[in-house]
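Before any comments, here is the structure.
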2 protein chains.
Amino acid sequence: MAKRDDRARKIIEETVLLLKEEGSEGLTLRKVAGRCGITLSNLQYYYPGKTALLQATADHFFLTCEEQIRAERTAALNDDPASSHVFLKRLLTVLITCEQDEFYNTVFRELWALAIRDSALASAMRTYYRRYAAWMTDMMAELFPKAEAIVSLLIPYAEGYALVGESMPLDREEIVSLWYRLITALPDG
Amino acid sequence: MAKRDDRARKIIEETVLLLKEEGSEGLTLRKVAGRCGITLSNLQYYYPGKTALLQATADHFFLTCEEQIRAERTAALNDDPASSHVFLKRLLTVLITCEQDEFYNTVFRELWALAIRDSALASAMRTYYRRYAAWMTDMMAELFPKAEAIVSLLIPYAEGYALVGESMPLDREEIVSLWYRLITALPDG
DNA sequence: ACCTGAACACCGTTCAAGT
DNA sequence: ACCTGAACACCGTTCAAGT
């Protein structure tokens with residue numbers, strides 16, 4: 001069963017790479033099979049249909065992202081009592097300028113595109129974002145009041161900014177400092 | 001040339017209807033041609049490639065949307081000096097609950113999916129959002145200070161909320177009133 | 001200028017057949 | 001349990017040929 005797992009993992013790995021290189025339009029079962037050195041029908045044995053492959057790919061990708069975000073958090077926060085505000089500014093910059101690896105951004109957009117027509121994949125995406133929001137709420141609650149409000153504002157904004165942000169009248173720096181002022185002033189509202 | 005225009009318009013019309021009925025995955029040049037009662041090759045004569053057809057479809061769709069938003073604005077605002085705050089709450093509700101026709105929401109998501117791999121279509125989308133943001137900035141500037149900030153916050157948030165909003169800890173009503181308080185308190189920041 | 005039909009190289013899925 | 005090859009019905013694009 002080690003072989004089974006190895007081959008299944010290799011298929012996911014090549015799917016992510018192909019998604020990065022050619023996008024959702026270029027993602028083809030034959031290409032994935034070819035890169036893995038196996039037959040199209042053999043790939044179909046491990047993932048019976050394109051939907052099954054996409055869902056498994058999204059699952060793997062989401063896990064990787066969550067690990068990376070956790071690492072960033074521990075790197076930013078220290079014993080300094082002022083580090084929570086440093087971290088907030090850092091978090092805003094990361095979310096809004098999408099300076100997280102460009103690779104992840106690309107794959108995420110492709111997954112969104114695929115999820116529109118693949119309701120099982122869309123459901124997996126919803127589950128991920130719910131988990132992501134819950135984790136970020138816990139993290140923010142240790143540092144700021146109204147963590148649920150902050151998360152409910154920031155996560156959708158970050159996703160929307162990736163789509164239409166460059167068409168907005170204010171530039172990135174202005175928006176980051178605007179959000180910083182909004183969030184630190186939140187308890188007054 | 002009236003015939004040329006009629007046929008070109010009919011093709012766009014059927015493309016939008018097919019996009020609504022079957023989504024981007026079901027959008028096929030053969031199907032569009034069939035619904036128009038013409039040949040695949042004849043459709044290719046009017047729109048030389050799928051990209052050309054999609055861009056023309058997006059152009060037409062954006063114009064229709066802009067007209068609808070203008071109509072909503074004039075309907076909400078009147079001589080009552082308090083109507084600007086009524087309008088703000090109404091605008092937030094429309095943007096965040098996506099109560100704009102569900103049909104438009106579907107088509108927009110399909111166009112986003114298609115734009116990811118079609119850079120010419122993506123460019124048309126950017127142009128539309130820039131025009132949309134400029135128009136909304138003018139509109140808000142008559143009623144509130146910091147119109148550019150409001151627009152730079154609201155438009156990306158609305159787009160992102162359509163994607164991930166249902167996975168957030170706060171529900172729609174809480175988010176709408178949160179945004180209302182944030183925007184009316186903006187001048188203080 | 002407008003329209004056609006045939007051919008091209010792809011695609012995801014199915015399935016009987018092998019080990 | 002794992003893997004194969006052939007066939008299926010699609011897809012967008014091209015192009016020589018008609019009016």
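In what follows, every chain begins at residue 1, and chains take the letters A, B, ... in the order their sequences are listed.
Regarding A:Arg7, its CZ atom lies at a distance of 10 Å from the P atom of D:dC2, rounded to whole Å. Atom OH of A:Tyr47 and atom C1' of C:dT14 are 21 Å apart (whole Å). Rounded to whole angstrom, the span from the CG atom of A:Leu40 across to the C1' atom of C:dC15 amounts to 13 Å. At whole-Å resolution of the value, CZ in A:Arg30 and P in C:dG12 are 6 Å apart. One interatomic measurement links the two molecules: CD of B:Glu25 to C1' of C:dC11, which rounds to 12 Å at whole-angstrom precision. Computed from coordinates, the A:Asn42 CG to C:dG18 C1' distance equals 13 Å when rounded to whole Å. Rounded to whole angstrom, the span from the CG atom of A:Leu29 across to the P atom of D:dG5 amounts to 17 Å. In this entry the distance linking CD of A:Glu22 with C1' of C:dC10 reads 13 Å, nearest Å.
Between B:Tyr132 and B:Tyr129, the angle of the ring planes goes over 60°, which puts this pair in the perpendicular group of the 30/60° scheme.
Of the charged side-chain nitrogens involved, at least one lies within less than 4.0 Å of a carboxylate oxygen, so that A:Lys10 and A:Glu14 count as a salt-bridged pair.
Across all strands shown, D:dA1 is found opposite C:dT19 as a Watson-Crick or G-U wobble partner, with both distances under 3.5 Å. In this entry C:dA6 has D:dT14 as its Watson-Crick or G-U wobble partner, both defining distances falling under 3.5 Å.
Minimum interatomic distance between B:Leu95 and B:Ala158 (heavy atoms only, all atoms of both residues): O-CB, 3.7 Å.
Among the protein residues, B:Thr28 comes within range of the sugar-phosphate backbone only, with heavy atoms under 4.0 Å from sugar or phosphate atoms but none that close to a base. At a threshold of 4.0 angstrom between heavy atoms, the contacts of A:Leu27 are confined to the sugar-phosphate backbone, with no base atom among them.
For A:Thr39, no side-chain nitrogen or oxygen approaches OP1 or OP2 of D:dC3 to under 4.0 Å. In this model, the phosphate group of C:dA1 is not approached by any side-chain N or O of B:Tyr46 to a distance below 4.0 Å at OP1 or OP2. Distances shorter than 4.0 Å separate none of the side-chain N or O atoms of A:Arg4 from OP1 or OP2 on D:dA1.
Distances were taken from every side-chain heavy atom of A:Tyr45 (C-beta onward) to each of C:dT4, C:dC15, D:dC2; the shortest belongs to D:dC2. Side-chain atoms of B:Ser41 lie closest to C:dG5 of the nucleotides D:dT13, C:dG5, C:dT13.
In this structure, B:Phe61 is not a member of the same hydrophobic cluster as B:Leu17, with clusters built from ILVMFWY side-chain heavy atoms closer than 4.5 Å.
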Report task. Kindly determine whether A:Ile11 and A:Ile38 satisfy side-chain contact (heavy atoms from CB on, under 4.5 Å), including the steps that lead there. Result -> CA-CA 10 Å; A:Ile11 291 171; A:Ile38 63 175; 4.1 Å; yes
